[in-house]
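The analysis underlying the following values was restricted to heavy atoms, covering all of them including side chains, and did not include hydrogens, waters or symmetry mates. Note on naming: letters A, B, ... go to the chains in the order of the sequence lines (proteins, then strands), and numbering restarts at 1 for each one. Just so it is clear, the structure is predicted and the values come from calculations on it, not from any experiment.
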There are 2 protein chains.
Amino acid sequence: MNIQIAIVEDQDKIRKNLITRLDFFDDINIIFVAENADIALSKLRSLSEKNLPQVILMDIEMPGKTGIEATLEIKSEFPEIDILIQTVFENEEKIFQSIQAGASGYLLKDDPIQKYVDAIQELATGGAALSSSIALKLMSFVKSEQQQKETKAKAAQVEFSLSDREIDILKGIVDDLTEQQLGEQLFISPHTVRTHIKNIYKKLHVHSRASAVRFAITKGLA
Amino acid sequence: MNIQIAIVEDQDKIRKNLITRLDFFDDINIIFVAENADIALSKLRSLSEKNLPQVILMDIEMPGKTGIEATLEIKSEFPEIDILIQTVFENEEKIFQSIQAGASGYLLKDDPIQKYVDAIQELATGGAALSSSIALKLMSFVKSEQQQKETKAKAAQVEFSLSDREIDILKGIVDDLTEQQLGEQLFISPHTVRTHIKNIYKKLHVHSRASAVRFAITKGLA
DNA sequence: TTAAGAATACCCTGATCAGGGTATTCTTTT
DNA sequence: AAAAGAATACCCTGATCAGGGTATTCTTAA
């Protein structure tokens with residue numbers, strides 16, 4: 001099948017290189033090339049809907065509007081166009097920003113041209129495309145997103161050296177139990193609960209249940 | 001470069017199919033094949049460290065231990081082995097579980113064999129490999145993960161119909177201000193603060209600052 | 001235009017909390 | 001054997017909170 005694409009890239013050399021290498025593939029038609037985001041946008045606006053590119057190859061580092069800003073704008077005006085970000089740097093921050101902005105893929109500039117072609121084809125058929133190192137970063141993000149919560153809790157406990165018993169008490173505070181109720185639940189005197197709470201406050205440098213709850217939840221101890 | 005792999009797959013047909021198709025590639029050596037997780041584990045244990053496979057192709061749907069459980073076990077015993085999950089279903093839940101368990105890649109069984117080879121090579125060189133539809137799911141997860149946080153806060157405010165002023169008060173509670181302090185900060189009488197707090201409690205069905213803080217933070221209002 | 005909601009303000013009372021002590025027992029570490 | 005930390009328990013006092021009212025003003029929506 002034939003895929004219409006556009007290229008947005010400020011550097012002459014890279015742009016020309018891309019064109020010649022992609023031109024080699026018969027099923028990929030480069031319908032326009034722009035050297036910055038604004039030119040790209042005005043070209044897009046001048047096209048009739050049925051002549052729009054399906055995929056835009058977008059450089060991330062550009063003078064003026066960055067590829068991320070351009071992606072945001074293009075996606076809001078032309079949501080059906082898939083954007084394939086290309087960059088030389090594996091900057092984690094930028095990767096997430098691009099995804100946020102609505103990019104459908106992320107390639108590194110030293111990926112072989114076949115990768116580009118594969119990626120373009122996958123985007124055109126409704127998938128996403130990621131360089132393997134980018135995929136790795138994404139996966140570790142997803143992985144840590146969960147694990148961090150678990151690991152973090154123990155780290156916080158160690159950092160503030162709360163004892164196991166104090167964690168019990170802290171959880172009770174988060175659950176909004178009175179000293180009385182906590183005592184009953186843990187089979188200790190409410191006086192003891194009070195003592196524990198005082199010690200917890202000292203360790204966490206807080207002076208109220210409200211801030212203890214805030215601490216516990218934000219540190220993942222709840 | 002030569003890559004040593006192993007295959008864990010319960011279905012005879014698929015297993016044989018994989019073997020013949022992968023055998024075609026000279027730089028991929030299948031050093032063993034197992035029909036379930038336990039057999040795979042014992043084979044791994046019988047090998048000396050330098051003869052371990054670099055990559056294991058793991059079916060996710062298997063009788064007995066699932067591919068996810070197997071991945072967890074293998075990764076804890078042999079962390080340096082990369083695991084490439086393969087499945088027929090694009091089950092979101094399973095994808096995340098696999099990543100959690102430590103898988104380095106995720107393929108669909110109808111991906112062409114070249115994808116398998118590419119994926120194996122990328123894993124062997126330290127990257128990750130994802131089918132394009134899986135990549136898409138991952139990206140939307142990452143995307144929504146951020147956006148949800150923003151959207152959620154307003155949704156919660158609407159859901160519990162807290163007024164803007166009540167949100168001010170709620171934030172003060174999270175910041176551990178007394179009624180007195182809150183009054184000074186918002187230029188209103190502490191009595192008024194009290195009234196607002198009572199109304200907030202009624203709307204949120206809570207009866208203390210601690211639970212209000214918990215609510216505010218977990219709903220993203222803080 | 002009338003009702004409802006939001007923001008303001010005040011009163012009262014009992015409950016709970018916060019912070020200050022002190023003390024005993026047990027385990028663990030030095 | 002001594003010191004330190006953790007868990008237990010009790011006392012006291014002033015501060016703050018929670019929940020129950022009532023009331024006025026203003027805006028917005030029915």
Side-chain angles (χ1 to χ4, degrees), chain A residues 153-222, chain B residues 153-222:
Chain A
K154 290 214 170 148
Q157 180 176 354
V158 171
E159 187 186 345
F160 294 88
S161 64
L162 291 184
S163 69
D164 289 344
R165 199 50 156 178
E166 286 165 347
I167 293 289
D168 291 340
I169 303 277
L170 184 53
K171 283 183 177 160
I173 290 177
V174 173
D175 285 338
D176 199 27
L177 303 178
T178 65
E179 286 155 17
Q180 189 65 45
Q181 292 169 322
L182 249 166
E184 283 164 20
Q185 186 179 296
L186 300 175
F187 306 108
I188 55 178
S189 148
H191 293 109
T192 307
V193 174
R194 182 94 277 271
T195 305
H196 283 306
I197 292 178
K198 286 192 282 195
N199 291 331
I200 292 170
Y201 284 5
K202 276 178 192 149
K203 287 182 178 176
L204 305 187
H205 305 294
V206 298
H207 306 277
S208 72
R209 281 161 165 258
S211 21
V213 168
R214 177 177 173 167
F215 174 93
I217 295 180
T218 56
K219 295 286 176 179
L221 286 172
Chain B
K154 290 213 170 149
Q157 181 176 352
V158 171
E159 187 187 344
F160 295 88
S161 64
L162 291 184
S163 69
D164 289 344
R165 199 50 156 177
E166 286 165 348
I167 293 289
D168 291 340
I169 303 277
L170 184 53
K171 282 182 177 161
I173 290 177
V174 173
D175 286 338
D176 201 27
L177 304 178
T178 65
E179 285 154 18
Q180 189 67 44
Q181 293 170 321
L182 249 166
E184 283 163 19
Q185 185 179 298
L186 300 176
F187 306 108
I188 55 179
S189 148
H191 294 110
T192 308
V193 174
R194 184 92 276 272
T195 306
H196 283 306
I197 291 178
K198 285 192 282 194
N199 291 332
I200 292 170
Y201 285 4
K202 275 177 192 151
K203 287 181 179 176
L204 305 187
H205 305 294
V206 300
H207 305 276
S208 72
R209 281 161 167 259
S211 18
V213 169
R214 177 176 173 169
F215 174 93
I217 295 179
T218 55
K219 296 286 176 178
L221 287 172

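Candidate nucleotides D:dC10, C:dA9, D:dA7 were compared by shortest atom distance to the side chain of A:S189, and D:dC10 ranks first. Among the nucleotides D:dG19, C:dA7, C:dG19, the one closest to the side chain of B:K198 is D:dG19. Among D:dT8, D:dC17, C:dT8, the nucleotide with an atom closest to any side-chain atom of B:T178 is D:dC17. Distances were taken from every side-chain heavy atom of B:S163 (C-beta onward) to each of D:dG19, C:dA6, D:dA6; the shortest belongs to C:dA6.
Residue-level contact check: B:S208 touches the backbone only, with heavy atoms under 4.0 Å from sugar-phosphate atoms and none from bases. Here B:E179 lies in heavy-atom contact (under 4.0 Å) with sugar-phosphate atoms only. If you check every strand for non-hydrogen atoms under 4.0 Å, B:H207 touches sugar and phosphate atoms only. Residue-level contact check: B:T192 touches the bases, meaning some heavy atom is under 4.0 Å from a base atom.
When rounded to the nearest whole Å, the span between NE2 of B:H191 and C1' of C:dA7 equals 16 Å. One atom, CD of A:Q180, and another, C1' of C:dT16, lie 11 Å apart when rounded to the nearest Å. B:Q181 places its CD atom 14 Å from the P atom of D:dA15, with the value rounded to the nearest Å. Following rounding to the nearest Å, A:I197 (CD1) and C:dG20 (C1') show an atom-to-atom distance of 16 Å. Atom P of nucleotide D:dA15 and atom CG of B:D176 are separated by 17 Å, given to the nearest angstrom. Atom CD in B:E166 sits roughly 12 Å away from atom P in C:dG5 (whole-Å rounding). Rounded to whole angstrom, the span from the CD1 atom of B:I173 across to the C1' atom of D:dT16 amounts to 13 Å. Counting to the nearest Å, the P atom of C:dG19 and the CG atom of A:L204 are 12 Å from each other.
Not a single donor-acceptor contact under 3.5 angstrom links the side-chain atoms of A:R209 to the base of C:dA18. In this model, a side-chain donor or acceptor of A:R194 finds a partner on the base of C:dG19 within 3.5 Å. The base of D:dG19 does not come close enough to the side chain of B:K202 for any donor and acceptor atom to sit less than 3.5 Å apart.
Panel note: side chain B:Q185, backbone B:L182; no donor-acceptor pair is recorded below 3.5 Å. Side chain of A:Y201 to main chain of A:R209: a donor-acceptor pair is present (N/O by atom type, distance under 3.5 Å, no hydrogens or angles). Counting only distance, with no hydrogens or angles, the side chain of A:T192 and the backbone of A:I188 share no donor-acceptor pair below 3.5 Å. Side chain of A:E184 to main chain of A:Q181: no donor-acceptor pair is present (N/O by atom type, distance under 3.5 Å, no hydrogens or angles).
Under the 3.5 Å distance criterion, with hydrogens and angles disregarded, a donor-acceptor pair is assigned to the side chains of B:S208 and B:S211.
Using a cutoff of 4.0 Å between basic side-chain nitrogens and carboxylate oxygens, A:R165 and A:D168 are scored as salt-bridged.
Remark: B:Y201 is in phosphate contact with D:dA18, judged by side-chain N or O atoms under 4.0 Å from OP1 or OP2. Here B:H196 does not reach the OP1 or OP2 of C:dA6: none of its side-chain N or O atoms lies under 4.0 Å away.
D:dT22 and C:dA9 make up a base pair, with Watson-Crick or G-U wobble contacts both under 3.5 Å.
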